[in-house]
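Working notes, structure below.
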Amino acid sequence: LDSYSEIIKKMGEVAVERKYDGTRVQIHYSRKDGVLRTFTRNLEETSNMFPELKSIGNWIKGDSVILDCEAVGMGRDGRILPFQVTMTRKRKHNIAEASESVPLKFFVFDILEKNGEGLLELPYFERRKLLEETVINGLSMEVDECKKTVDPVEIEKWHDQFLGEGYEGAVIKKWDGGYLPGRQGWNWTKIKEAEGETGKLSDTLDLVVMGYYYGRGKRAGFGIGAFLVGTKKDDKWVSLAKIGTGLTDEEFVSLRKRLEELVVVNKPNDYLVEGALVADVWVQPEIVVEVAADEITKSQTHAAGIALRFPRLVRFRDDKNINGVTTWEEVLGIGKLT
């Protein structure tokens with residue numbers, strides 16, 4: 001949402017938390033069995049990637065827990081590190097060296113289970129109380145701060161404060177809402193960017209790379225000059241933008257290498273792309289990118305019937321798979337086309 005008053009009107013009493021620009025981690029810990037496992041939002045197991053959690057038994061009051069948190073790289077000055085730096089920790093090799101150069105802190109914002117009891121249906125404020133009673137704050141883990149309000153002016157003040165501190169802004173959560181796995185609907189909302197910072201749309205979009213085009217001039221040496229992104233409409237992937245800005249030379253080279261592993265000979269049957277947008281090279285829909293744009297307009301070129309105006313890459317979303325892309329309904333909502 002892009003209006004603080006609209007948030008209160010739609011959600012009522014809310015909790016306001018910082019939006020961390022890190023990697024989502026769900027932690028499963030059992031003291032009795034000595035089991036510690038971690039997962040991404042897509043249930044990819046990452047248990048070996050976080051040596052910081054080897055002492056978690058000292059930070060937990062209870063026999064077993066499932067915690068939802070965001071792992072964020074921390075600089076020596078105590079400030080959070082950029083997302084791209086944090087994501088260098090997502091690796092399978094040289095983990096010890098990486099943890100030395102990019103130490104993580106786990107900001108815990110929810111508790112889903114404690115001592116064998118599922119907590120998903122409890123309201124937010126009850127889960128929050130249990131969370132604060134369960135986690136012992138320290139250098140590597142702490143319960144993130146939340147602020148309770150029904151005042152849109154206070155939400156705006158805290159959102160601006162969080163941006164100034166280097167965070168992504170605010171996450172707003174319904175005070176008496178349950179925990180909804182997957183998409184949270186109006187249970188959680190966000191005002192992610194400062195107004196006008198990355199575009200005139202109310203939010204950025206997470207889209208999948210469908211194919212790419214050979215470059216000209218300097219980019220000819222990269223083998224890529226632009227790429228096609230889209231989302232799923234019904235059971236077909238439809239393009240929304242052809243992107244050639246927002247990447248450094250190094251990122252173009254890196255993207256080309258990543259896409260080479262996903263190349264397919266022919267356009268996939270579930271891709272709706274025609275005419276001038278037909279890619280030089282088609283790829284499987286696996287890589288997700290975050291895209292900003294000025295607006296969403298009607299289009300006769302894109303099969304979707306709409307397109308992003310002045311699209312540019314914000315970042316690669318390696319923490320998401322294709323199930324996490326912005327849905328067709330969300331695209332229409334962001335573009336105020338519903």
Side-chain angles (χ1 to χ4, degrees), residues 1-22 24 26 41 66-70 72 107-113 118-133 135 142-165 167-206 290 292 296 319-320 323-338:
L1 297 174
D2 57 1
S3 165
Y4 302 100
S5 59
E6 187 179 2
I7 287 175
I8 295 299
K9 181 178 179 180
K10 190 174 286 287
M11 301 176 71
E13 194 169 44
V14 298
V16 182
E17 302 178 16
R18 288 171 176 82
K19 175 118 181 29
Y20 297 95
D21 197 10
R24 185 81 164 266
Q26 190 182 98
R41 74 174 81 214
I66 299 177
L67 303 174
D68 204 354
C69 66
E70 192 88 358
V72 181
F107 291 94
V108 189
F109 53 78
D110 223 319
I111 182 167
L112 315 185
E113 185 264 7
L119 307 175
L120 300 186
E121 296 183 2
L122 290 182
Y124 169 90
F125 66 88
E126 290 189 22
R127 299 197 313 276
R128 186 79 195 189
K129 184 174 185 295
L130 281 170
L131 180 61
E132 292 172 350
E133 292 172 352
V135 174
E142 71 175 63
V143 177
D144 79 323
E145 182 183 18
C146 81
K147 301 174 182 288
K148 177 182 176 182
T149 189
V150 291
D151 186 349
V153 174
E154 288 192 322
I155 298 178
E156 181 176 11
K157 179 188 69 175
W158 293 326
H159 174 66
D160 292 342
Q161 174 190 326
F162 298 159
L163 286 172
E165 293 171 347
Y167 298 94
E168 279 202 312
V171 177
I172 300 93
K173 301 181 178 180
K174 192 172 176 62
W175 186 254
D176 59 358
Y179 186 98
L180 304 176
R183 295 187 179 276
Q184 292 285 330
W186 298 117
N187 204 40
W188 293 7
T189 62
K190 62 183 179 181
I191 294 182
K192 189 173 182 182
E193 304 287 349
E195 184 177 356
E197 186 171 296
T198 61
K200 298 177 182 178
L201 292 180
S202 61
D203 199 359
T204 54
L205 298 90
D206 293 323
E290 184 177 352
I296 298 177
D319 58 328
K320 287 191 174 185
N323 295 320
V325 301
T326 303
T327 66
W328 177 251
E329 292 74 17
E330 289 168 338
V331 171
L332 297 179
I334 291 170
K336 300 187 184 301
L337 301 174
T338 52

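Only this structure's heavy atoms are used, side chains among them; waters, hydrogens and symmetry mates stay out. Sequence positions, counted from 1, serve as the residue numbers for this chain. Predicted model, so just to flag it, every value in this text is computed and none were measured.
Here Lys129 pairs with Glu133 under the side-chain hydrogen bond (donor to acceptor under 3.5 Å, both in side chains) rule; sequence neighbours left out. Phe162 is linked by a ring pair (Phe, Tyr, Trp, His ring centres under 6.0 Å) to nothing, counting only residues two or more places apart in sequence or in another chain. With sequence neighbours left out, the side chain to side chain contact (heavy atoms under 4.5 Å, CB included) criterion links Lys320 to Arg41, Asp206, Val288, Arg317.
Taking 4.5 Å as the limit, some side-chain heavy atom of Arg24 sits within range of a side-chain heavy atom of Asp68. Proximity of Leu122 to Leu130: side-chain heavy atoms (C-beta onward) are separated by under 4.5 Å at one or more points. Taking the side chain as every heavy atom from C-beta outward, Asp21 and Val72 never approach each other to under 4.5 Å. Counting only heavy atoms from C-beta outward, the side chains of Thr204 and Thr326 never approach each other to under 4.5 Å. Side-chain contact between Lys10 and Thr189 is absent, with no heavy atoms from C-beta onward closer than 4.5 Å. At a threshold of 4.5 Å between non-hydrogen side-chain atoms, the residues Leu119 and Glu126 do not count as touching. Residues Ile8 and Asp151 have side chains not in contact (no heavy-atom distance under 4.5 Å, counting atoms from C-beta outward).
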Give the C-alpha distance, both sets of side-chain angles, the deciding distance and a yes or no for side chain to side chain contact (heavy atoms under 4.5 Å, CB included) between Leu112 and Gln26. CA-CA 9 Å; Leu112 315 185; Gln26 190 182 98; 3.6 Å; yes

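With Lys147 contributing its side chain and Val16 its backbone, the two residues share no donor-acceptor pair below 3.5 Å. For Asn187 (side chain) and Gly178 (main-chain N/O), a donor-acceptor pair under 3.5 Å exists by modelled atom type. Within the 3.5 Å criterion, the main-chain N or O of Lys19 finds no donor-acceptor partner in the side chain of Glu168.
Atom CD of residue Glu17 and atom CH2 of residue Trp158 lie 12.0 Å apart, to the nearest 0.5 angstrom. In this structure, CG in Leu180 is found 10.5 Å from CD in Glu121, a value given to the nearest 0.5 Å. A distance of 11.5 Å separates CD of Glu142 from SG of Cys69, quoted to the nearest 0.5 Å. Expressed to the nearest 0.5 Å, how far CD1 of Ile155 lies from CG of Asp160 amounts to 12.0 Å.
When every heavy atom of Trp175 is checked against every heavy atom of Tyr124, the shortest pair comes out as O-CB, 3.2 Å. For Lys173 against Phe109, the heavy-atom pair with the smallest separation is NZ-CD1, 3.5 Å.
Residues Asp110 and Arg127 are paired through a salt bridge, judged by an N-O separation under 4.0 Å between the basic side chain and the carboxylate. Taking 4.0 Å as the cut-off between side-chain N and carboxylate O, Arg18 and Glu165 count as a salt-bridged pair.
Between His159 and Tyr4, the ring planes are tilted. Angles from 30° to 60° get that label.
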